[in-house]
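Below you'll find the structure, written out as structure tokens, and then a few comments.
Note that these values count all heavy atoms, side chains included, but never hydrogens, waters or copies made by symmetry. Just so you know, ligand 1 is whichever comes first in the structure, and atom 1 is the first atom listed for that ligand.
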Amino acid sequence: MVTLDKFECLFLVHLTSLAITSLCNTWMFIMKVLLGITGGIAAYKSADLIRLLVRSGHQVRCCLTDAGSRFITPLTLATLSGEPCFGANPEYHEWRPNPRVEHVDLARWADVVAVVPATANIIGKVANGIADDLLSTILLAATCRILWAPAMNRAMWSHPAFTKNLETLSGYGHSIVEPKSGILACGEDGTGKLADIDDIFDGIIATGTERSKIFQGKRVLVTAGPTHEDLDPVRTLTNRSTGHMGIEMAKAFRNVGANVHLVLGGELKSPWGIPTKRVRSAEDMLAACLELWPDMDGICATAAVADQRPEKYSTEKIKKMEEALNLPLLRTPDILSTLHQTKTHQWLLGFAAESENFVENASAKLVAKGLDAILVNDISSGKGFGDSPNTLIPITKCGSGNSIGPDSKELLASKAVNWFANFLDK
Ligand code: CTP
């Protein structure tokens, strides 16, 4: 038997972690995010953003301005990111790689610089080339992608001087995650609230992964979520799909450069930066897809489309009765088959949720719907719904491939898109 001493074990652990990191990098494009936090009440929300980024495997370093430090402490940011917190005040951090060129080192280190929240002041400074503290010098020295998530009073947001500055930054190719409307910290109602943290997270991922564009310039239609086939004003026929997988597929295609259009059923909110058409029934979904189809390069159909709809819709609520209710149902249109009949150059990628005979059933759908590939997942015993981890088996005309996962739907979608890109390449 071979025994390893302590150093050999440590070396093996290091090699394994390097292998895992490089594997993750291949799928997920693990990023170095430099997070700038400026002085606004929304600064406390940056803590949740760091959590999301770190949990997804990204490396985060924070740069806190003096004004920002009045709203959140360097210790909070350092603890959550696991890195020293940088800032104008040297007491914030003990480790400085090279104090003379700290702003350049940090700017070079980052794959993306995100300023969350971004005040009118920092936006005005950078738009006009002013660099008078660590964050503004990093922002001028950075050659990587930059993202801004502004938050401020509504009058400041709509001031022409501020609008001009924001347009200047957009013109430099910077990404903006715009604020939303609501009651602001000052008590006024209007636009200026920091965007939702999950939208800012999506924006950072999309901005930072623009380097790896295997679907650059391709237009991809994604269907997601359940459809609803209404019986009367209060009752509906639907299924247990939530739309999580479809939304992750839409984001994964977007993250590798595709110009994605989402057709979405169900209640989930549409992802940041992806034009979304919300639909209710299978008929609505088909109509939305047919409108977009001629301009698309392909479709990724993750939607769980209801196969049956009530023959008649009752405009009044159906009253309960003693005898059994007889409900005639009609077939809904098959969206993929319809798109296949009108396809020119486009590819079709289907999904199949199966509770038994996965490969046989999915292969039959591949042929019947004229698909290039289909990804099948096991939904026996309620598996695979919502945001729980899942596994996919890819199937093409050549047979089934190695299963992908089990992984979170975010990682699974990223791997599935990579698998499909390789398949199209062959
Ligand atoms: N699909 C579609 N239109 C429908 C039903 C399904 O475009 N009316 C698509 C789905 O989006 C998915 C694929 O077809 O990409 C397979 O869907 P699935 O529900 O697994 O299969 P069905 O064809 O509905 O067959 P069954 O429900 O009998 O398994």
Quiz item: Relative to each other, are the rings of F420 and F253 parallel, tilted or perpendicular (30° and 60° limits)?
Solution: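 Plane angle over 60°, so perpendicular.
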
Exercise. Report yes or no: do S403 and T391 form a side-chain donor-acceptor pair below 3.5 Å?
Key: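 Distance-only check fails for S403 and T391.
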
Quiz item: Would you say the side-chain atoms of T332 and D307 include a donor-acceptor pair closer than 3.5 Å?
Solution: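 On atom types as modelled, these side chains do not qualify, holding no pair under 3.5 Å.
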
Would you tabulate the polar-atom pairs, meaning N/O of ligand 1 against N/O of the protein, with distances under 3.5 Å, reported to 0.1 Å?
unit_1: ligand 1; atom_1: 3 (N); unit_2: I335; atom_2: N; d: 3.0
unit_1: ligand 1; atom_1: 7 (O); unit_2: I335; atom_2: N; d: 3.4
unit_1: ligand 1; atom_1: 7 (O); unit_2: L336; atom_2: N; d: 2.9
unit_1: ligand 1; atom_1: 8 (N); unit_2: P333; atom_2: O; d: 2.9
unit_1: ligand 1; atom_1: 11 (O); unit_2: A303; atom_2: O; d: 2.7
unit_1: ligand 1; atom_1: 14 (O); unit_2: K369; atom_2: NZ; d: 2.9
unit_1: ligand 1; atom_1: 15 (O); unit_2: A301; atom_2: O; d: 2.7
unit_1: ligand 1; atom_1: 15 (O); unit_2: F351; atom_2: N; d: 3.0
unit_1: ligand 1; atom_1: 15 (O); unit_2: F351; atom_2: O; d: 3.1
unit_1: ligand 1; atom_1: 20 (O); unit_2: K365; atom_2: NZ; d: 2.8
unit_1: ligand 1; atom_1: 21 (O); unit_2: K365; atom_2: NZ; d: 3.0
unit_1: ligand 1; atom_1: 23 (O); unit_2: K369; atom_2: NZ; d: 2.6
unit_1: ligand 1; atom_1: 24 (O); unit_2: D307; atom_2: OD1; d: 2.9
unit_1: ligand 1; atom_1: 24 (O); unit_2: D307; atom_2: OD2; d: 3.0
unit_1: ligand 1; atom_1: 27 (O); unit_2: D307; atom_2: OD2; d: 2.9
unit_1: ligand 1; atom_1: 29 (O); unit_2: K365; atom_2: NZ; d: 2.7

Exercise. Using the test salt bridge (Lys or Arg N to Asp or Glu O under 4.0 Å), find all partners of R219 that sit at least two apart in sequence or belong to another chain.
Key: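 Partners of R219 by the salt bridge (Lys or Arg N to Asp or Glu O under 4.0 Å) criterion come out as none, since no residue qualifies.
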
Exercise. Could you tell me which residues satisfy ring-ring contact (aromatic ring centres under 6.0 Å, His included) with W272, sequence neighbours excluded, listed by chain and number?
Key: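 ring-ring contact (aromatic ring centres under 6.0 Å, His included) list for W272, sorted by chain: empty.
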
Donor-acceptor contacts, no H, no angles, side chain residues 315-322, under 3.5 Å, sequence neighbours left out:
none

